[in-house]
Enquirer: 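Below is a structure I'd like to ask you about.
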Amino acid sequence: QVQLVESGGGLVQAGGSLRLSCAASGRTFSTYAMGWFRQTPGKEREFVAAISQRGTLIDYADSVKGRFTISRDNAKNTVYLQMNSLKPEDTAVYYCAADRNSWSPRVVGRYDYWGQGTQVTVSS
């Protein structure tokens with residue numbers, strides 16, 4: 001069992017930056033691929049970024065490529081999402097997720113554990 005707790009969300013003006021963190025419980029964090037997703041009311045959960053167990057594989061949604069950076073620190077059981085040049089359309093609840101199986105970063109159903117989410121609001 002892995003528990004994930006996101007933090008770092010908030011209100012920011014367009015063009016600003018935020019850094020999300022996701023802290024994981026347990027000793028097996030390094031065995032999980034980690035992903036970030038986001039969701040707005042009435043829409044499906046959307047893939048944002050993912051990183052493999054050792055950070056050798058990284059994937060980004062086209063909408064965030066060049067603006068967001070995912071990273072992880074296995075010694076701290078934490079995955080990060082650095083978000084720069086934020087746009088109003090980035091407004092959403094952001095979730096981190098853990099996948100203990102094969103590398104399928106964009107498939108929501110492949111993730112085994114989810115955090116509770118953190119709200120990011122970008123004002124224009």
Enquirer: Nearest 0.5 Å, what's the CG-CD1 distance between Asp99 and Ile51?
Expert: 13.5 Å

Enquirer: Measure across Ala98 and Tyr32 and return the closest heavy-atom pair with its distance rounded to 0.1 Å.
Expert: CB-CD2, 3.7 Å

Enquirer: Roughly how far, to the nearest 0.5 Å, is OG1 of Thr78 from CG of Leu4?
Expert: 10.5 Å

Enquirer: Do you reckon Val93 sits in the same ILVMFWY cluster as Trp114, going by side-chain contacts under 4.5 Å, direct or chained?
Expert: yes

Enquirer: Are Val5 and Leu20 co-members of a hydrophobic cluster defined by side-chain heavy atoms under 4.5 Å apart?
Expert: no

Enquirer: Output yes when a side-chain donor or acceptor of Ser25 lies under 3.5 Å from a complementary backbone atom of Gln3, and no otherwise.
Expert: yes

Enquirer: Would you check, one step at a time, whether the test side chain to side chain contact (heavy atoms under 4.5 Å, CB included) holds for Glu6 with Gln116?
Expert: CA-CA 7 Å; Glu6 301 97 334; Gln116 83 290 348; 2.8 Å; yes

Enquirer: I'd like to know if the side chain of Asn77 and the backbone of Arg27 have a donor-acceptor N/O pair within less than 3.5 Å.
Expert: no

Enquirer: Would you find a donor on one side and an acceptor on the other, under 3.5 Å apart, between the side chain of Arg106 and the backbone of Tyr60?
Expert: yes

Enquirer: Looking at Ser85 and Ser17, what are the two nearest heavy atoms and their distance?
Expert: N-OG, 4.3 Å

Enquirer: On a heavy-atom basis, which atom in Gly115 and which in Tyr95 lie closest, and how many Å separate them?
Expert: O-CD2, 3.6 Å

Enquirer: Nearest 0.5 angstrom please: Ser123 OG to Gln13 CD, how far?
Expert: 5.0 Å

Enquirer: Would you say Met83 and Ile70 are hydrophobically clustered, going by side-chain heavy atoms of ILVMFWY under 4.5 Å?
Expert: yes

Enquirer: If you round to the nearest 0.5 Å, how far is SG of Cys22 from CE of Met34?
Expert: 4.5 Å

Enquirer: Got a donor-acceptor contact below 3.5 angstrom from the Thr121 side chain to the Leu11 backbone?
Expert: no

Enquirer: Under the 3.5 angstrom rule, does the side chain of Gln53 hit a backbone N or O of Ser30 as a donor-acceptor pair?
Expert: no

Enquirer: Would you name the heavy atoms of Tyr113 and Val2 that are closest together and state the gap between them?
Expert: CD2-O, 3.5 Å

Enquirer: Does Trp103 have Arg110 sitting over its ring (NZ/CZ under 6.0 Å from centre, angle to axis within 45°)?
Expert: no

Enquirer: Test side chain to side chain contact (heavy atoms under 4.5 Å, CB included) on Arg54 and Arg72; report intermediate values, then the result.
Expert: CA-CA 8 Å; Arg54 297 183 179 182; Arg72 66 189 297 161; over 6 Å; no

Enquirer: Backbone N or O of Glu46 within a donor-acceptor pair of the Gln39 side chain at under 3.5 Å?
Expert: no

Enquirer: With a 4.5 Å cut-off on side-chain heavy-atom distances among I, L, V, M, F, W and Y, is there a chain of contacts connecting Tyr94 to Val64?
Expert: yes

Enquirer: Establish, yes or no, whether the cationic atom of Arg19 lies under 6.0 Å from the six-membered ring centre of Tyr80 and within 45° of the ring axis.
Expert: yes

Enquirer: Would you give the length of the straight line joining atom OH of Tyr111 to atom CG of Asn101, rounded to the nearest 0.5 angstrom?
Expert: 11.0 Å

Enquirer: Got a donor-acceptor contact below 3.5 angstrom from the Thr91 side chain to the Val122 backbone?
Expert: yes

Enquirer: Show the nearest heavy-atom pair for residues Gly16 and Val12, with the distance to one decimal.
Expert: CA-CG2, 3.9 Å

Enquirer: Measure across Val79 and Ser71 and return the closest heavy-atom pair with its distance rounded to 0.1 Å.
Expert: CG2-O, 3.1 Å

Enquirer: I'd like to know if the side chain of Arg100 and the backbone of Ala33 have a donor-acceptor N/O pair within less than 3.5 Å.
Expert: no

Enquirer: Step by step, work out the side chain to side chain contact (heavy atoms under 4.5 Å, CB included) result for Phe68 and Leu86.
Expert: CA-CA 9 Å; Phe68 290 12; Leu86 283 161; 3.8 Å; yes

Enquirer: So, does Gln119 use its side chain to make a donor-acceptor pair with the main chain of Gly10 at under 3.5 Å?
Expert: no

Enquirer: To the nearest 0.5 Å, what is the distance between OG (Ser63) and CZ (Phe47)?
Expert: 9.5 Å

Enquirer: Yes or no on salt bridge (charged side-chain N to carboxylate O under 4.0 Å, His left out) for Lys65 and Asp62, after CA distance, side-chain angles and deciding distance?
Expert: CA-CA 5 Å; Lys65 199 171 294 183; Asp62 289 344; 3.3 Å; yes

